[in-house]
Amino acid sequence: MPENEQIGMESFPDPAHALIVGGSRGLGLGFVRALLAQPRFAKVFAASREPLQSQDLLALAGAHSGRLVTLPLDVTNESSVMQAADTVRAAVSALHLLIDCAGVLHDGASLAPERRLADVRVESMLLSFQVNALGPLLLAKHFHGLLERAPRAVIANVSARVGSIGDNRLGSWYAYRVSKAAQNQVTHTISIELGRRAPNLICVALHPGTVDTELSRPFQAGVNPDSLLSPDYSAAQLLRVIDGLDRDANGRFYAWDGSEIPW
Ligand SMILES: NC(=O)c1ccc[n+]([C@@H]2O[C@H](COP(=O)([O-])OP(=O)(O)OC[C@H]3O[C@@H](n4cnc5c(N)ncnc54)[C@H](OP(=O)(O)O)[C@@H]3O)[C@@H](O)[C@H]2O)c1
C-alpha cells in the first residue's frame, strides 16, 4: 500500500489525542508524523528521554505548534512516567491512543544481542527488561485512567516477532527475545484487567516489520532490501491495523500487514 494513501483513523472520535512514547526518532517519529497528518488528532504528545535533543521533533513542533507537545519521559524511571501523565492530564481530559515505541536492542557499547549463552550478561538482561517489558507496564499503570475516559481507546505496544515463543526457530538474542516475550505477557495481562473495566479500551502488541532505524541498522546486511520498511511506511501500516481493531482484537499480537502472530 502506498505510504501517502489516506489512513483514515475514522474509528477514533474527532477530536482525538495520542501519546507516542519513543517519539524522538525511528518508528516512533514515523507515528508522530503520520498522526500530525490526521487533522482529527488535535493533540499529539511525543515523549522520549530528551525530546528537545531531537532536531526532527523540534522541526515538527515548529510546523505544528499547539498540536505537537514534546514531553520528557524515561520509561525506566517511574516518577518520570508519573510526571508525564500529570502533564498530559493537565492538557486533555482523555487519551485515545497510546503507542509505546520505546525499545532497546543494542546501545553501540555494552548492550548487544547475544549469539550464545556465554554472551549473556545480567546488566543487559536487566536493562532490556526495564525498557522493553517494565516500560509498557508503568505506562499502563499511569495512563490507563486517561484512556478509560475515551469512548474508544487503544494501547499499542510495539513488540517484535522475535518475542513470539511460538514463532522462535532461530534462538539467540536472549535479552531482546526474553524481554519482548515478557512485554507480550504484559500486553496480554493488562488487556484482561482493563478489558473487564473498560470495554472501550483495546490493548494489542504490534510487530512493525524490519524497519530502517538505528535499532536495526547493524543487522540490515542480511535483510532483503524489499523487506526493509521505512519508518513512515511501517507507521502508516500499523495505524491502519490500529484503526481496524475491534473488541475481539483485545489482547492479541498483530504484524504490520494485519496478520496475527502466535504468542
Ligand atoms: N527497527 C526494527 O526493525 C524493529 C523490528 C521489530 C521491532 N521493533 C521495535 O520497534 C520499537 C521502535 O524501535 P525503533 O526501530 O524505532 O528504534 P530506535 O530508532 O532505536 O528508537 C528507539 C526509541 O526508544 C526511545 N527510548 C529508548 N529508551 C528509552 C527510555 N528509557 N525511555 C523512553 N524512551 C526510550 C528512544 O528515545 P530516546 O533515545 O530519544 O530517549 C527512541 O525514540 C522498539 O520497541 C523495537 O523493539 C523495531
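Order of listing sets the numbers, starting from 1, for every ligand and every atom in it. Every value quoted in this text rests on a predicted model; they were computed, and no experiment measured them.
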Going by the closest heavy atom to [atom], which one wins out of [options]?
atom	options	value
atom 41 (O) of ligand 1	R49, H106, K180	R49
atom 19 (O) of ligand 1	A47, P51, G26	G26
atom 5 (C) of ligand 1	G209, S216, S48, A102	G209
atom 9 (C) of ligand 1	S159, G103, G135, C101	S159

Nearest to [atom], what protein heavy atom do you find, and at what distance?
atom	result
atom 17 (O) of ligand 1	L215 CB, 3.4 Å
atom 31 (N) of ligand 1	D74 OD1, 2.9 Å
atom 3 (O) of ligand 1	V211 N, 2.8 Å
atom 18 (P) of ligand 1	R25 NH1, 3.5 Å
atom 47 (O) of ligand 1	Y176 OH, 2.5 Å
atom 14 (P) of ligand 1	T213 OG1, 3.6 Å
atom 37 (O) of ligand 1	S24 OG, 3.1 Å

**OP:** Mind checking side chain to side chain donor-acceptor pair (under 3.5 Å) for D14 and listing every partner two or more places apart, or none if nothing turns up?
**Re:** none
Original post:
What pair of heavy atoms forms the shortest contact from V75 to L138, and how long is it?
Top reply: O-CD1, 3.7 Å
Original post:
Under 6.0 Å between the ring centres of H207 and W256?
Top reply: no
If you measure from each non-hydrogen atom of [X] to ligand 1, which part falls under 4.0 Å: side chain, backbone, both or neither?
X	answer
Q53	neither
L27	both
L73	backbone

Can a donor-acceptor pair be found, under 3.5 Å and without considering hydrogens, that links the side chain of [X] to the backbone of [Y]?
X	Y	answer
E114	Y174	yes
K43	G66	yes
R152	H96	no
R252	A205	no
N250	R247	no
S54	E50	no

Can you check whether [X] has an N/O within less than 3.5 Å of an N/O in ligand 1?
X	result
E50	no
T210	no
V104	no
H207	no

Original post:
Can you list the atoms of ligand 1 that are under 4.0 Å from a heavy atom of V158?
Top reply: 9 (C), 10 (O), 11 (C), 45 (O)
**OP:** With heavy atoms of V75 as the reference, note each atom of ligand 1 found under 4.0 Å away.
**Re:** 30 (C), 31 (N), 32 (N), 33 (C)
**OP:** Flag yes if more than 12 heavy atoms outside R115 fall under 6.0 Å of its CZ atom; otherwise flag no.
**Re:** no
Subject >> Of all pairs that satisfy salt bridge (charged side-chain N to carboxylate O under 4.0 Å, His left out), the ones with a partner from residues 170-183, not counting sequence neighbours >> reply: none
Subject >> Option among Q83, R89, E78 that satisfies the side chain to side chain donor-acceptor pair (under 3.5 Å) test with H142 >> reply: E78
